[in-house]
Structure formats: C-alpha cells, structure tokens
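Note that the structure is predicted; figures quoted are calculated from it, not measured. In what follows, chains are A, B, ... by sequence order, proteins preceding strands, each numbered from 1.
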There are 2 protein chains.
Amino acid sequence: MHLEVADRLREMIERGELIPGSKLIEKDLCQSFGVSRTPMREAIRVLAADGLVVLTPNRGASVATITEAQILDSFLVIGAMEGLAGELAAPRITDAQLDDIRAMHSAMLECRAADDLDGYYVYNRQIHDAIFDIADNALLKETRRIIFTRIIKLRFIARIAEDEWQIAIKEHEEMLVALEARNGPQLGAILRRHLESKRIQVARWLQRQSSI
Amino acid sequence: MHLEVADRLREMIERGELIPGSKLIEKDLCQSFGVSRTPMREAIRVLAADGLVVLTPNRGASVATITEAQILDSFLVIGAMEGLAGELAAPRITDAQLDDIRAMHSAMLECRAADDLDGYYVYNRQIHDAIFDIADNALLKETRRIIFTRIIKLRFIARIAEDEWQIAIKEHEEMLVALEARNGPQLGAILRRHLESKRIQVARWLQRQSSI
DNA sequence: GATCTTAATTTTGTATACATTATCCTGTAA
DNA sequence: TTACAGGATAATGTATACAAAATTAAGATC
C-alpha cells in the first residue's frame with residue numbers, strides 16, 4: 001500500500017496541490033487517504049529518498065523547495081544524461097524505431113504549425129523518451145526520470161519564444177539526421193547542445209520571473 | 001532513528017555482510033539492531049528507493065543483486081557524470097585547489113611506486129571527489145554517489161593489470177594538464193575516456209570471473 | 001516413495017497505543 | 001506593548017497488537 005500512497009503523494013506534489021515548503025501533516029494526509037500512519041510514513045520516506053520531500057528530525061516532512069540554481073544544475077545533469085543516451089541510441093536504432101521517431105517528429109511539427117503547445121510538448125517528450133528506450137540502459141533512464149520529477153513543476157514554462165522554438169525544431173531535425181547516420185557521438189553532441197539551449201531558455205525564463 | 005538504521009544497513013550491504021539476493025527478515029534485524037519494526041521498515045524502504053534492496057509485495061525485502069550488464073551500464077552513467085564534472089570544474093578551479101589535487105596526485109604516484117594499491121585507490125578516489133566538489137553541482141555529486149553505492153562491492157577489483165595502471169596514470173596526468181589550462185571541454189573529454197578505460201577494465205575483469 | 005491438501009507457523013502489512021518532542025497559547029512581569 | 005515563562009496542545013517518533021499473506025510441515029492419498 002505504501003507505494004500506492006507514495007504515487008498519489010507524488011502526483012499531488014507534481015500537480016502543485018501540495019505547495020513546496022508546506023508541511024506534510026501525517027494525520028491530515030492519513031484521513032484524506034484513508035490509511036493509517038504506518039504506510040503513510042513509509043510513503044513519505046520513499047519520496048524523501050527521491051528528493052521530493054525533506055525530513056527534519058522530530059519536525060516531520062515538508063514538500064521540497066527547489067532554487068533556481070538547483071533547476072539549472074538539474075538541466076546540466078539531464079544534459080549529460082541525454083547526451084549519453086544519444087551516443088548509445090544512435091548505433092542501436094532499428095529502421096522501425098527510426099520510423100516511429102520520424103512519425104512523432106512529424107506530429108510534433110504539425111502541433112507547432114497549429115500552435116498547439118501542449119501537443120508539441122507531448123510529442124517532444126515522446127521523442128526524447130524513445131531515445132532513452134533505445135539506449136537500453138535502465139539506470140540511465142531511471143536516473144533521468146528521478147531528476148525530471150524534481151523539476152516537473154516547470155511544465156508551466158509553457159510559453160516558449162518564437163526564436164527558441166525555431167532553434168529547438170532545428171536541433172530536432174539534426175537529431176534525425178544523426179539517427180539516420182547511426183552516428184552516436186554526433187547525436188550525443190546534438191542532444192547536449194539541445195539541452196544546453198533548453199537550459200539557457202529556462203535561465204532566461206527564471207530571470208524574467210524573478211524580475212517581475 | 002530510521003536514518004541511522006538505514007546507514008547501518010547500507011554499510012552491512014556494502015561490506016558484504018548481507019549477501020545479495022538474501023532476504024531481510026525484519027524480526028532478526030530488529031533484534032540485532034535493538035529497534036522495533038517501525039523504524040526498521042522505514043529504513044528498508046529508504047534503501048529500496050536507493051536501489052540497494054528490492055521489495056516484493058507481501059514477501060518483504062531482499063538485498064538487491066546486480067548483473068554484469070547493470071555494472072557496465074553504471075559505468076556508462078558515471079562516465080557521463082564525471083565528464084560533466086570535469087567540464088564544470090576546470091574553468092572554476094582555484095590555484096589552491098589545483099595545488100591540493102597536485103599533492104594528491106603525487107601521493108597517488110608514491111603509492112603506485114610502493115605498490116600500495118589500497119593507498120593508490122584512496123588518493124585516486126580523493127582526486128575524483130575533489131573534481132566533483134569543485135564542479136559545485138550538488139545534484140551531480142549526489143547522483144554519482146548513489147550510483148557508486150550500488151556498485152561499491154567492486155572494491156574487490158583490487159587487482160589491476162600493469163598496462164591498465166599505466167594508462168590510468170597517464171590519463172590522470174592529462175587531467176592535471178587540462179585543469180591547469182582551465183580547459184573544461186578538454187577535462188571532460190579526458191574524464192569520459194578515463195571512465196571508459198575503467199569500464200573496459202571492469203568488463204575484462206567480469207569476463208575473467210565468469211569464465212572461471 | 002511422491003504428490004497434493006491442509007493445518008501450523010512464520011513473516012509481512014496495517015492499525016493503534018504510548019512516549020517524546022515541538023509548537024502554540026496564555027499569563028505575568030518589565 | 002513587548003518579552004519571556006510555563007503549561008496545554010498537537011505533532012512526530014517508537015513500540016506493540018492485530019490482520020493477512022506466505023512459507024513450512026505434516027498427513028493423507030495414490
């Protein structure tokens with residue numbers, strides 16, 4: 001049960017229903033979840049190990065806060081992960097998998113044409129996920145997942161500038177070329193650059209936010 | 001208390017006192033630790049989140065096993081981490097920090113001359129740790145620590161072939177050059193290559209082991 | 001003797017009771 | 001009014017009791 005509770009808590013944190021910094025009162029959560037404190041506490045500790053909540057001795061748990069510096073640090077690490085994933089995936093990709101990615105890429109472009117940002121992000125995410133699947137390194141995928149979870153709240157960077165969007169699309173097209181060439185180092189380099197672009201984009205967005 | 005218990009359990013697993021695959025019987029562990037089941041269970045779940053133990057519903061916990069493929073996967077991920085750490089550290093390193101690393105490097109060489117393998121590994125590890133400290137990315141450091149913990153049992157790769165040792169020393173000297181030049185991309189590339197060497201070395205060692 | 005069934009035991013999972021610590025509120029003194 | 005002290009309250013931390021599931025052991029059947 002504690003794993004289900006952990007998942008529900010995780011979702012609540014991701015959705016922003018539990019505000020970063022706020023305390024997690026066991027009794028209240030137990031009531032709303034309909035479980036006793038034992039599984040709830042175990043769930044909270046699982047999330048703590050994932051870095052989603054922080055534990056203070058004798059003072060319980062609170063939703064983890066994330067600083068701008070930590071967000072930018074995360075993008076650096078994710079960049080390294082994506083770069084490695086690209087290196088591994090390119091030499092391994094099958095023609096069928098390549099076709100799948102091409103399809104997702106087209107769908108992504110259509111969303112862009114229709115100015116459907118949500119759809120764009122879904123396909124964008126699918127492409128990156130597919131590369132990690134093809135890379136076939138469970139630890140790599142899991143590590144990236146955990147880091148992503150911690151900064152998932154950045155979904156709300158929905159607004160993307162036109163020029164940034166163009167760069168992203170261009171980089172994705174380069175990715176396709178590297179994949180077709182089965183060129184690992186090349187795809188790795190593109191993905192590192194791609195994530196660095198994203199990181200700069202996030203940095204700018206954070207700048208704007210904090211100056212408001 | 002559950003964090004202290006988790007640390008003790010972690011040590012026991014690292015020391016090999018708890019054999020991979022063996023079951024963790026709560027009652028027995030509670031007795032030997034002198035705590036009740038509640039903190040023990042919380043500790044076990046913390047280790048599960050770290051990947052050191054695996055939980056099976058209604059069947060409790062057992063010490064995680066690691067396959068050869070997973071070990072090699074881990075080295076790939078660590079390689080990406082070290083590469084990034086090098087990129088970040090080189091442009092940031094101070095003269096004092098550089099002196100420290102030079103000192104560790106000398107001490108490491110002395111250990112090699114004296115054929116003191118344990119000492120060699122201590123200083124080797126210190127140098128790599130220092131680079132991560134200088135890189136100043138807490139997430140990067142923490143991620144690497146967790147992955148290292150999972151494969152820590154590989155300490156027992158104590159035996160290192162002469163030619164492998166020479167290569168490692170040479171790479172470390174290249175690292176010093178890149179650090180002195182404050183050249184991030186260069187240090188990153190060296191570290192990636194260094195870890196790839198290590199990975200190949202481990203792969204060969206695993207091969208030898210399994211063929212016995 | 002082997003195998004399936006079933007009961008006994010053990011172990012895990014959950015809830016609750018108790019202990020300890022932190023927090024909050026009230027009242028007093030400056 | 002503010003600052004501090006002390007107790008009331010509520011929260012966390014721990015231990016234990018109960019429930020459910022799995023494992024083990026014993027017995028019956030073939």
Item checked: Pair B:Asp7-B:Met12, side-chain contact (heavy atoms from CB on, under 4.5 Å): steps then yes or no -> CA-CA 9 Å; B:Asp7 284 342; B:Met12 288 177 72; over 6 Å; no
Margin query: What does the B/S/- profile of nucleotides 9-18 of chain C look like, 5' to 3', with a 4.0 Å heavy-atom cutoff to protein?
Written below: --SBBBBBB-
Check: Less than 4.0 Å between a side-chain N and a carboxylate O, is that true for A:Glu164 and A:Lys198?
Finding: no
Notebook entry, point to check: So, A:Arg192 and A:Glu87, do they make that salt bridge, N to O below 4.0 Å?
Noted result: yes
Check: Do the numbers put B:Arg125 on top of the ring of B:Phe148, so that NZ or CZ is under 6.0 Å from the six-membered ring centre and no more than 45° off the axis?
Finding: yes
Distance-only criterion, 3.5 Å: show the donor-acceptor pairs between side-chain atoms of residues 48-63 of chain A and protein atoms not counting sequence neighbours.
unit_1, atom_1, unit_2, atom_2, d
A:Asp50, OD2, A:Arg10, NH1, 2.7

